[in-house]
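Note that the structure is a prediction, hence the values are computed from the model and not measured. Residue numbers start from 1 in every chain, and the chains themselves are labelled A, B, ... in the order their sequence lines are given, proteins ahead of strands.
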Amino acid sequence: MYALIDCNNFFASCERVFNPSLNNKPVVVLSNNDGCVIARSNEAKKLGIPMGAPAFQFEALFERHDVAIYSTNFALYSDMSRRVMSILSNYSPLQEIYSIDECFLDLSGILEDLQKYGIKMRKHVFKWIGIPISIGIAPTKSLAKVANRIAKKFPEKTNNVYVIDTESKREKALKWIDVEDIWGVGRRNAKKLYAINVFKGVEFTELSEAWVLKNMTITGLNLQRDLKGIPSIEMDMSEKKKSIATTRTFEKEYRSFDEVKERVVTFTMLCAEKLRMQHSLCNSLMVFIETARFKESEEFYSNSMLIKLPFPTSSSLELVKFAEEAVQKIYKNHKSYKRAGVVLVDFVSEKSYQTSLFFNSNPKHKKLMEAMDRVNHKYGSNLIRLASQDKGTYKMKQQHLSRAYTTKIDEILEVSL
DNA sequence: TCTGGGGTCCTAGGACCC
DNA sequence: TCTGGGGTCCTAGGACCC
């Protein structure tokens, strides 16, 4: 059996932990630059504020209903996540951290009543961290997702824990769930399914495998089998990321190459630091820039460049050089840039990798980077930086930022990068 | 005035090989 | 009337997730 544990309205719940006066009140958390709504308390959901809603369109409604508004505080949320995950890891040796607020546990070999086991986890996390969670338990991962949805939808009846452990419960659950609400069925697939009169989960499981494979690829077929109760989606316990990205929408539009370049350099520095943290080297680097996509008065321009590196590296100095080269090639004059990003891909382990006959990463950089990371970690991530980085003079719009209650103050600054 | 950020996996088609 | 067959690797783009 697998459990899927999910924190309820995670970001909003994090804010509530440190400000209990928000309990029973509508709370929303906004994306960077206070742009979109990215988390809502149940009360806010009831007011009809949709996920991803542009904040400026809902200002009047926020005002009218006295909605508590927060800027995104990732230093806080990621630290709270770490704590929740750490507690949950006590309930199984096999934990897949699926996202900042969700994890799967493999419950094989747990002899206790699983409903009680789930309730125990819930109480434990709430008592120690103050975050409410919901738990779905079932014979496969996708069914655990369905069970979790039921636990959330009927909190009183289920105590926020629902177990699918019989064939009749599985059928009942699949008759209940709409096909578009199934994990792995997005808008596109839902449309295809509606077109052939498939609306409920159970109808999806009755489709021929050939149809599913043809129209929804192997991913869809694995999902279908998984929902039938045949485990077809494996646990993924790997801790290393396969790509690392830093992308930002700017607080204003940049017209000069130097401004755009400085931001790209800083993004590369952040990516490189994360890359070193997981002891990987990367073989490719992608840079993209784009103009304001919602502006009708100017034509939208977006371009990207993927650079295949001559050698694998995690040196900030080397990666920055390639990133500058890339941004130079895609930057066009007389445009106003609103967003840019850097993505590192194609990783190898720093412990064993193929060296090149002719070119290799400068061996001196390894120690330099180690020293830099150590200093920046201890004294704040801006202490040692490249001259070509931005000077931190730009300011992200964060009018409603809470404190980094559980971490150092300088990590707030890191978020603003 | 104002619309986020960070991931994973799969596939078709091109380029190349013998 | 008519021009082979069998592969691999890479990449861009699509679809999905939170």
Task: Atom-pair distance (CG on A/Asp236; P on C/dC18), nearest Å - done: 16 Å
TODO: Indicate, with a heavy-atom threshold strictly under 4.0 Å, whether A/Arg293 touches base, sugar-phosphate, or nothing.
DONE: nothing
Task: Electrostatic pair A/Lys329-A/Glu325, nearest N-O below 4.0 angstrom - done: yes
TODO: Rounded to the nearest angstrom, tell me the gap between atom CD1 in A/Ile97 and atom P in B/dT8.
DONE: 14 Å
Open item on the list: Categorize A/Val185 for me: base, sugar-phosphate, or nothing, with a 4.0 angstrom heavy-atom threshold over every strand shown.
Closed with: sugar-phosphate
Task: Atom-to-atom span, CG of A/Asp226 to P of B/dC9 - whole angstrom - done: 15 Å
Task: Near-ring test A/Phe257/A/Tyr337, centroid separation under 6.0 angstrom - done: no
Task: Listed partners of A/Tyr301 passing ring-ring contact (aromatic ring centres under 6.0 Å, His included), at least two apart - done: none
- [ ] Any pair with a residue in residues 35-60 of chain A that passes side-chain hydrogen bond (donor to acceptor under 3.5 Å, both in side chains), sequence neighbours left out, goes on the list, sorted by first then second residue, please.
- [x] A/Asn9-A/Asn42, A/Asn9-A/Lys45, A/Arg16-A/Glu43, A/Ser41-A/Glu43
TODO: Could you note down all residue pairs passing ring-ring contact (aromatic ring centres under 6.0 Å, His included) where residues 121-156 of chain A supplies at least one of them, sequence neighbours left out?
DONE: A/Tyr91-A/His124, A/His124-A/Trp128, A/Phe154-A/Trp176
Task: A/Ile182 CD1 to C/dC18 P, straight-line distance once rounded to whole Å - done: 13 Å
Using residues 228-235 of chain A as the side-chain source, report each donor-acceptor pair under 3.5 Å to any protein atom, sequence neighbours left out, with the distance given to one decimal.
from, atom 1, to, atom 2, distance (Å)
A/Ser232, OG, A/Ile230, O, 2.8

Open item on the list: I need the full list of salt bridge (charged side-chain N to carboxylate O under 4.0 Å, His left out) pairs touching residues 188-206 of chain A, with sequence neighbours left out, sorted by first then second residue.
Closed with: A/Asp178-A/Lys200
Task: Inter- and intrachain pairs under salt bridge (charged side-chain N to carboxylate O under 4.0 Å, His left out), touching residues 74-86 of chain A, at least two apart - done: A/Asp79-A/Arg82, A/Asp79-A/Arg83
Open item on the list: Please list all pairs meeting salt bridge (charged side-chain N to carboxylate O under 4.0 Å, His left out) that have one or both residues in residues 284-293 of chain A, counting only residues at least two apart or in different chains.
Closed with: A/Glu290-A/Arg293, A/Glu290-A/Arg339
TODO: Could you state the atom-to-atom distance from NZ of A/Lys308 to C1' of C/dC9 in whole Å?
DONE: 11 Å
TODO: To the nearest Å, give me how far apart CD (A/Glu239) and P (B/dT8) are.
DONE: 14 Å
Task: side chain to side chain donor-acceptor pair (under 3.5 Å) partners for A/Tyr331, two or more places apart - done: none
Task: Atom-pair distance (CG on A/Asn222; P on B/dT8), nearest Å - done: 18 Å
TODO: Give the ring-plane orientation class for A/Tyr77 versus A/Phe74, where under 30° counts as parallel, over 60° as perpendicular and anything between as tilted.
DONE: perpendicular
Task: Sugar-phosphate only, base, or nothing, as touched by A/Lys145 at under 4.0 Å among non-hydrogen atoms - done: sugar-phosphate
Task: Under the 3.5 Å Watson-Crick or G-U criterion, the dot-bracket string of DNA chain B, with | for inter-strand pairs - done: ....||||||||||||||
Open item on the list: Listing request: all salt bridge (charged side-chain N to carboxylate O under 4.0 Å, His left out) pairs with a residue in residues 295-304 of chain A, at least two apart in sequence or in separate chains.
Closed with: A/Glu253-A/Lys295, A/Lys295-A/Glu298
- [ ] Going 5' to 3' through nucleotides 11-17 of chain B, assign each nucleotide B (protein heavy atom under 4.0 Å from a base atom), S (under 4.0 Å only from sugar-phosphate atoms) or - (no protein heavy atom that close).
- [x] S------
Shorter than 3.5 Å, N or O on both sides, protein versus nucleotides 2-7 of chain B: list them out with atom names.
from, atom 1, to, atom 2, distance (Å)
B/dT3, OP1, A/Lys338, NZ, 3.2
B/dG4, O4', A/Ser31, OG, 2.8
B/dG5, OP1, A/Asn32, ND2, 3.3
B/dG5, OP1, A/Thr249, N, 2.9
B/dG5, OP2, A/Thr249, N, 2.9
B/dG5, OP2, A/Thr249, OG1, 2.7
B/dG5, O3', A/Arg248, NH1, 3.4
B/dG6, OP1, A/Arg248, NH1, 3.0
B/dG6, OP2, A/Thr247, N, 2.5
B/dG6, OP2, A/Thr247, O, 3.1
B/dG6, OP2, A/Thr247, OG1, 2.6
B/dG7, OP2, A/Ala245, N, 2.7

Task: Atom-to-atom span, CD of A/Glu234 to P of B/dC9 - whole angstrom - done: 11 Å
TODO: Look at all strands and tell whether A/Tyr98 reaches a base, only sugar-phosphate, or nothing, counting heavy atoms closer than 4.0 Å.
DONE: sugar-phosphate
